[in-house]
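The residues of the chain are indexed from 1 along the displayed sequence. As the structure lists them, so they are numbered: ligands from 1, and atoms in each ligand from 1.
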Amino acid sequence: MGKVAVAFASAAVVAACSVAAVMVRRRVKSRRKWRTVVEILKEFEEGCDAPVGRLRQVVDAMAVEMHAGLASEGGSKLKMLLTYVHDLPNGTEKGTYYALHLGGTYFRILRVHLGGERSYLDVQDVERHPIPSHLMNSTSEVVLFNFLAFSLERFIQKEGNESNSQGVKRELAFTFSFPVKHTCISSGVLIKWTKGFEISEMVGKDIAECLQGALNRRGLDIHVAALVNDTVGALSLGYYHDPDTVVAVVFGTGSNACYLERTDAIIKCQGLLTTSGSMVVNMEWGNFWSSHLPRTAYDIDLDAESSNPNDMGFEKMIAGLYLGDIVRRVILRMSQESDIFGPSSSVFSQPYVLRTNSVSAMHEDDTPELQEVARILKDLGVSDVPLKVRKLMVKICDVVTRRAGRLAAAGIAGILKKIGRDGGGGITSGRSRGEMQMQRRTVVGVEGGLYMKYTMFREYMEEALVEILGEEVSQYVVVKAMEDGSSIGSALLVASSLQS
Ligand code: ADP
Ligand code: MG
């Protein structure tokens, strides 16, 4: 071999070696990055862990906080608000009633016609629209209420004369999914905004009066007969169909619960007399807090950067507005510490860019190649994500939703414990185990987009409830889904309050 050939050959060997070295280095680097990602996932998973022992501590804490909130005003983070609803609809109601429901994401208008028999409930013309975002943060409440009045006017114009042939005043329930301090069933003042709403001048104002004013300004012959928390609406519909319904919970944009309490247990309001001896209490459980809740660094950051820091801690772990953003935060950290999502991953720095609907669609993607996950990521501008990264996405969604479902179950079990329906006889009953109450059938009405549309959330919740209560007691606890329960139930409540 000549000198030139030898030089060529050795140059080729050197080049091949350096290419191989680069490839090995790249592979090592990529493995190291993947290991980092797996570690982030593992740490997150451990942080979210909610074994049944821990859930039981949350159950106890919920029951204790409920007591504290009933004992004195400000005695707990749970406000345990009086609703002045003591008689729930029983099926004898007759007539046509309306409901306007302001939720966290949607507003709905509907009309129900009641024939006086439980089985004759005709829900007509349900209208459902997203709340325009500029109304959630406007400087004046007038804009919001004018918009609601305008929407109601359009709804009524569409029905012509059929539904109101006698020309009588229309009776309306205003279903309002925010904390209100009631003075009676038909009026109350806003305590604070939640779920990203921020119209500060409205805090402290009478909500029913604001809506009535806007309706009057438009010259509409509509009377705001009741101001109803969405959970109370759901309880009313549940009770109408099944009088064993004593608890209602909403898992939508936000989360909250109410239940039927004995008036003598509402210590902060002594001498409260009702014909039924009980009253529905709006817990405002979104604000529940306990050191037993499995909180991660992502939850802490989400809270700190929200419009209501240090507030609604439980809601921020279990409700639809937030689950997507917890997932986003985990992905963001992973993409900052590795480049597994490629160059377009900066989209994940945008707060709330990943919605909980997308989380459920990815989580429940049953295509072998996870095409739905790929589609959602592509819609966000992140293309060509490898399968193993798509699987990672599904896993993150699973961790976030499993924790949410399990904590939601602990919350429900906490209420059951407080009212002695958890098989243990209640926490202040002072009964010995031998004197435990006979277990009674208990129905928990549940509604809200997260619960209705996210099967895995629902399954994790129901599974954990059985784990907490045990197989035997669980047989007496029925969880019933109630689509549009908040709005329909509120209309029923107007009917029963006007007829009692
Ligand atoms: P609102 O909270 O306005 O009363 P909903 O009860 O319908 O309205 O809840 C809407 C919320 O439910 C959405 O903001 C979202 O967080 C959640 N949601 C709706 N659809 C889905 C879905 N397919 N999967 C998961 N969550 C969903
Ligand atoms: Mg709702």
Problem - Summary of ring pair (Phe, Tyr, Trp, His ring centres under 6.0 Å) pairs that have at least one residue in residues 375-414, sequence neighbours excluded - result: none
Handout entry: Ring-face cation of Arg328 near Phe348 (centre distance under 6.0 Å, axis angle within 45°)
Key = no
Exercise for the section: Could you list all the side chain to side chain donor-acceptor pair (under 3.5 Å) pairs where at least one residue sits in residues 191-203, not counting sequence neighbours? Expected result: Lys192-Asp311
Problem - Any donor-acceptor pair under 3.5 Å from Glu305 side chain to Ile300 backbone - result: no
Problem - Those protein residues which place at least one heavy atom below 4.0 Å from ligand 1 - result: Gly103, Gly104, Thr105, Tyr106, Arg108, Arg128, Gly252, Thr253, Gly320, Leu321, Thr356, Asn357, Ser360, Gly448, Gly449, Leu450, Lys453, Tyr454
Exercise for the section: Report, as yes or no, whether the 6.0 Å neighbourhood of atom NZ on Lys378 holds more than 12 heavy atoms from other residues, nucleotides or ligands. Expected result: no
Handout entry: Contacts of Asp379 that satisfy side-chain hydrogen bond (donor to acceptor under 3.5 Å, both in side chains) - sequence neighbours left out
Key = Arg375
